[in-house]
Amino acid sequence: MLDTVQAATPMKPSLDEKALARALSGHHFIGGRFVAPRSGTSFAVVNPATGHEVARAAEGDADDVDAAVQDAARAQKEWARMPARKRGALVAQCAGVIREHVEELARLIALETGKALRTESRVEANTVADVLEFFGGLGSELKGESVPFAPGVLSVTVREPLGVVGAIIPWNVPLLLMSLKIAPALVAGNTVVVKSAEEAPLTVLRICELMARVLPAGCFNMLSGFGPECGAPLVAHPKVRKVTFTGSVEVGRIVAKAAAERLIPTTLELGGKSPMLIFADCDFEATLAGAVTSMRFTRQGQSCTAASRIYVERPIFDRFVAELAKRVDAMVMGDPLDEKTDIGTIISTEQLAKVRGFIDEGCATAGATGRACSAMPTDPALANGLFIQPHIFTGLSNDSRLVRQEIFGPVTCVFPFDDVETVLAEANDSEYGLAASVWTNNLKVGLDLAHRLEAGLVQINQNLVVQANLSYGGVKSSGLGKEASLESMLEHFMHKKTIMVKYT
Ligand code: ADP
Ligand code: MG
């Protein structure tokens with residue numbers, strides 16, 4: 001056990017992702033240390049590119065949750081007393097340690113999630129450092145206000161941390177989504193217990209030891225385990241004062257209900273079915289390139305903001321679809337750890353079956369065409385890999401399950417349109433409202449649509465992924481609350497206390 005713990009904490013970055021995965025096996029991270037689960041049980045972490053087990057993950061339960069939360073609650077008192085700028089400086093210092101380990105983290109993400117190293121995993125690891133640096137610089141921004149009340153009375157508000165924050169994260173961009181929660185929570189003076197996703201527990205666990213080189217013990221704790229057995233007790237724990245969750249709408253509702261029962265605030269980042277509206281007057285080549293990145297096929301479409309409904313003005317519809325399919329065809333699907341690879345694997349057999357179900361249904365729909373793009377890998381070592389060809393569908397109607405539900409796979413539905421009002425109505429005809437983009441050189445049309453599209457984020461002539469400093473979060477079933485910005489830190493990780501002083 002001791003050997004394993006030491007092996008999991010190399011002083012130098014380890015580029016042997018398999019050895020690192022083995023060394024991380026069977027641990028939570030509580031109170032600044034790797035610890036075994038109270039129950040002694042674990043579950044398999046599988047490399048989705050080969051089907052091989054690469055590690056065991058500690059199976060957390062209510063006892064582990066209690067240990068982690070108690071530790072976080074103890075650490076929080078001290079942490080909150082530290083000057084805010086000092087807390088920020090420590091969080092920014094974590095960014096530095098992470099930057100030194102980007103390659104190591106990127107390889108480990110690729111191993112456990114099947115996301116390609118060059119197009120996704122390395123990008124994610126770098127973004128994490130950026131997020132920590134951004135929030136680390138905001139320590140002096142935790143300001144309150146002075147409030148005019150009465151002569152002789154000084155009335156001010158001060159912002160205070162909430163206490164222990166429970167953070168529940170998914171597997172698609174585990175490191176980035178974790179950083180968007182822990183960085184603002186910590187800078188605001190809270191301590192955190194993270195529950196990782198069962199499919200991707202390793203890289204987020206690896207980061208614990210890197211951050212523990214800088215942060216006081218107990219500020220940042222990590223548990224792995226299943227939703228009902230480990231996530232639910234975290235939400236229910238009496239010392240957890242706030243829950244921030246990213247995942248499915250279905251589980252988001254469960255979490256929100258449990259949090260409502262306890263009267264604690266929640267931030268929910270849920271699904272999406274993001275539309276992309278393309279007008280004939282757009283810059284064709286730039287829009288085509290934008291569509292390729294917007295569909296997030298390099299992440300196998302496993303992105304809440306993926307452009308999964310693309311509406312193209314009729315004069316350029318046929319040409320656009322043909323060119324789009326050609327571009328995706330040119331993408332290389334293969335070993336996630338190979339630098340040549342653009343597209344890796346789906347996360348799990350369960351997800352693969354779900355995505356395949358959608359594709360089969362689309363292909364069997366009368367009048368619909370599903371173009372299968374990009375070649376399956378031929379390397380025998382990848383024969384059991386969870387690869388699937390990206391599909392671009394045309395001819396589906398708005399009531400198809402493929403158009404209404406979030407697929408979370410490399411599937412996009414493309415539709416022609418003739419006028420602005422109809423396409424706006426179609427784009428807004430969705431349970432979701434996370435992101436949208438409009439592509440046109442007519443900014444009058446673009447800005448009008450930006451105001452009328454029901455989404456938390458609308459971009460014109462670009463479609464970037466979530467960025468530090470920009471409020472991110474959906475409307476309708478896509479979620480509650482914002483992340484990634486100063487305002488999100490102030491509103492969601494702190495409360496405002498009023499202090500009044502009668503001085504005459
Ligand atoms: P996905 O469909 O992407 O797997 P989920 O919503 O199922 O998304 O899972 C997101 C996170 O929520 C995971 O960490 C999962 O373990 C956790 N989770 C699942 N069920 C519950 C629950 N009942 N209470 C708290 N967390 C849960
Ligand atoms: Mg799940």
Side-chain angles (χ1 to χ4, degrees), residues 28 37 42-46 48 57-62 64-66 68-69 112-115 165-178 180-182 192-205 221-237 240 242-262 264 266-273 296 299-306 308 345-355 357-358 386 405-410 432 434 474 477-480 483:
H28 298 308
S42 65
F43 58 95
V45 184
V46 174
E59 195 174 329
D61 61 16
D64 297 319
V65 167
D66 186 55
V69 174
E112 67 177 330
T113 66
K115 291 194 301 179
V165 170
I168 299 174
I169 56 172
W171 45 261
N172 63 330
V173 242
L175 221 50
L176 171 63
L177 297 174
M178 181 196 74
L180 288 172
K181 298 179 186 318
I182 64 166
V192 191
V193 177
V194 180
K195 206 295 273 173
S196 59
E198 37 278 63
E199 297 86 348
L202 298 177
T203 316
V204 287
L205 182 63
N221 305 276
M222 173 78 55
L223 301 168
S224 52
F226 297 100
E229 292 77 14
C230 187
L234 182 60
V235 182
H237 197 289
V240 169
K242 150 94 197 181
V243 170
T244 167
F245 170 87
T246 301
S248 62
V249 175
E250 185 193 357
V251 177
R253 286 204 173 96
I254 296 173
V255 168
K257 271 185 202 150
E261 197 58 50
R262 296 199 41 237
I264 59 168
T266 47
T267 309
L268 304 171
E269 298 294 342
L270 309 175
K273 195 75 194 175
R296 312 270 190 268
R299 203 187 297 160
Q300 299 73 254
Q302 301 169 135
S303 159
C304 349
T305 51
S308 46
T345 72
I346 297 290
I347 188 78
S348 64
T349 46
E350 190 190 358
Q351 279 297 121
L352 184 70
K354 197 178 136 203
V355 174
F358 277 107
L386 306 179
Q405 296 182 13
E406 183 177 46
I407 299 174
F408 230 60
Y432 296 105
L434 190 55
S477 294
S478 288
L480 216 54
E483 287 192 320

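When a ligand or atom number is given, it counts from 1 through the structure's own listing order. When a residue number appears, it is its place in the shown sequence, counting from 1.
Results of the side-chain contact (heavy atoms from CB on, under 4.5 Å) test with F245 over V251, T267, V235, L480 single out V251 as the only residue that passes.
Close contacts of ligand 1 with W171, meaning ligand atoms under 4.0 Å from a residue heavy atom, involve 1 (P), 3 (O), 4 (O). Under a 4.0 Å criterion applied to the non-hydrogen atoms of I169, ligand 1 contributes the atoms 11 (C), 13 (C), 14 (O). If you number the atoms of ligand 1 from 1 as listed, the ones under 4.0 Å from a heavy atom of I254 come out as 23 (N). Shown in contact with E198 at under 4.0 Å from a heavy atom are these atoms of ligand 1, numbered in order with element: 13 (C), 14 (O), 15 (C), 16 (O). Applying the 4.0 Å criterion to heavy atoms of K195 picks out, from ligand 1, the atoms 13 (C), 14 (O), 15 (C), 16 (O).
Applying the side-chain hydrogen bond (donor to acceptor under 3.5 Å, both in side chains) rule to S196 yields no partners; only residues at least two apart in sequence or on another chain are considered. Qualifying salt bridge (Lys or Arg N to Asp or Glu O under 4.0 Å) partners for E483, counting only residues two or more places apart in sequence or in other chains: K181.
If you look at S196 next to ligand 1, the close heavy atoms, those under 4.0 Å, all belong to the backbone. By the criterion of a heavy-atom distance under 4.0 Å, neither the backbone nor the side chain of F408 is placed next to ligand 1.
Side-chain contact, T203 with E112: a donor N or O sits under 3.5 Å from an acceptor N or O.
Not a single heavy atom of C230 sits closer than 4.0 Å to an atom of ligand 1.
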